[in-house]
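Report on the following structure.
We count ligands from 1, going down the list as the structure has it; atoms in each ligand are counted the same way. In what follows, every heavy atom counts, from backbone to side chain, and hydrogens, waters and symmetry copies are set aside.
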Amino acid sequence: MKSALVTGINGQDGSYMADLLLDKGYKVFGMERRSSSLNRDNTGHLEDNENFQFLNGDLVDQNSLLRCLKISEPDEVYNFASQSFVYESWNTPEYTGDATGLGVLRMLEAIREYGKEVRFYQASSSEMFGRLVENPARESTPFYPRSPYGVAKLYGHWITVNYRESYDMYNVSGILFNHESERRGYEFVTRKITMNVAKISLGLSDSFALGNLDSMRDWGYAPDFIEAAWLMLQQDEPDDYVIATGEAKSIRDFLDAAFGCVNISGWERFVTQDPRFFRPAEVDVLCGDCSLAKEKLGWEPRTPFNDWVKSMVDNDLRLAKRELILREQPITFRDMS
Ligand code: GDP
């Protein structure tokens, strides 16, 4: 039985990776940070799985990483942990550099100290391309990050490549373009939109505010993209791959699609713009070319844009309805005890 250590287990990508690995018969160890507000919305379903175990660890704590490796004895390590919200990286640039950048170095050093053969996957990001030098971006496209997050991810990417070349480690860097799903955090624009669309269609809200509506992203469906991450670690030779759909859409296009799912036209009535949600430096357009992944991994995106947007809206309608029911339920003394 293969064993895998997945960091960032409670996030979108870590939780999908755990599901995929368990399906494939792995023993999976999910590393989570102990915090006062532990959120297992994405991983609650794993708690009773006998092939799954949570471990406490933190990318800013070197010893905790070595301990996680010793307990899990992994064949494969998937590093999804990071301060992953671009906007927040201007508020906490030093922490973002520490966790998202140096955290990768700490894990690689821990693997070296652990001493056994381990395959390592680093979750790199299209934000490293930032102000696109070449459109669509490929593995050979020069990087131009536009946020403290992008700069930190670039360090993580290069240290992964450098340790492969320096120490002959099996390291890969997956340069994934934006990927979304029902498990996406509410602070990201797609989920913010689908949750608000659900609330508006149920009469729970009548407007919400966004920032820049003109930026364009190459959005794909997270479960498809996570499969590519697994495939990268199954190759004879380690290499770095761009994972993307090849199609860029604007925030306005996403609003059209999401409001379309609940048959509301003219979303402009419900959406305001607030300077608070604009960024000090913007990435105007991201679009990727995944030809290498197609050729070498046999991977391509499977789920069409409109299908996964509908899954997100339907999921948020279910959650918003639950909120509506809770609101309407009279509170009894027994509920309060
Ligand atoms: P990112 O590509 O990793 O930064 O993913 P996000 O989902 O956070 O942002 C995608 C794009 O949506 C960026 O160009 C943001 O400027 C834009 N955007 C516009 N309004 C908002 C908003 O209210 N929240 C977020 N998160 N992004 C917004």
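An N or O contact shorter than 3.5 Å links V189 to ligand 1 by distance. Among the atoms of V283, none of the N or O lies under 3.5 angstrom from an N or O of ligand 1.
Atom 13 (C) of ligand 1 has as its closest protein heavy atom R217 NH2, 3.4 Å. The protein heavy-atom contact nearest to atom 23 (O) of ligand 1 is K192 NZ, 2.8 Å. Considering only non-hydrogen protein atoms, atom 26 (N) of ligand 1 sits nearest to E187 O, 2.9 Å. With respect to atom 8 (O) of ligand 1, the closest heavy atom belonging to the protein is R279 NH2, 2.9 Å. The nearest protein atom to atom 14 (O) of ligand 1, hydrogens excluded, is given as S215 OG, 2.7 Å; this is a heavy-atom distance. The single protein non-hydrogen atom nearest to atom 5 (O) of ligand 1 is N178 ND2, 3.6 Å, given as residue, atom name and distance. In terms of protein heavy atoms, atom 19 (C) of ligand 1 is closest to N212 O, 3.1 Å. Of the protein's non-hydrogen atoms, E282 OE2, 2.5 Å is the one closest to atom 16 (O) of ligand 1.
When atom types are taken as modelled, the side chain of D224 and the backbone of R302 share a donor-acceptor pair closer than 3.5 angstrom. R33 contributes no side-chain N or O that, together with a main-chain N or O of D58, makes up a donor-acceptor pair within less than 3.5 Å.
Taking a cut-off of under 4.0 Å to the non-hydrogen atoms of E127, the atoms of ligand 1 that pass are 1 (P), 2 (O), 3 (O), 4 (O). The atoms of ligand 1 that sit less than 4.0 Å from any heavy atom of I251 are 11 (C), 12 (O), 17 (C). Residue G211 approaches ligand 1 through these ligand atoms, each under 4.0 Å from one of its heavy atoms: 19 (C), 20 (N), 21 (C), 23 (O).
Using the six-membered ring where Trp is involved, W299 and F225 have ring planes that are perpendicular, over 60° apart on the 30 and 60° scheme. Between F80 and Y121, the ring planes are tilted. Angles from 30° to 60° get that label. Taking the six-membered ring for Trp and thresholds of 30 and 60 degrees, Y167 and Y163 have ring planes more than 60 degrees apart, a perpendicular arrangement. Using cut-offs of 30° and 60° for the angle between ring planes, the F270 and F259 rings count as parallel.
There is a side-chain donor-acceptor pair under 3.5 Å between Q234 and E76. Between the side chains of T160 and Q122, no donor-acceptor pair of N or O atoms lies under 3.5 Å. For the residue pair E73 / Y114, no side-chain donor-acceptor distance below 3.5 Å is found, with atom types taken as modelled.
By the criterion of a heavy-atom distance under 4.0 Å, the side chain of F85, and not its backbone, is placed next to ligand 1. With a 4.0 Å heavy-atom cut-off, ligand 1 is reached by no atom of L213.
For the pair K310 and F305, the NZ or CZ position fails the cation-pi test of under 6.0 Å to the six-membered ring centre and within 45 degrees of the ring normal.
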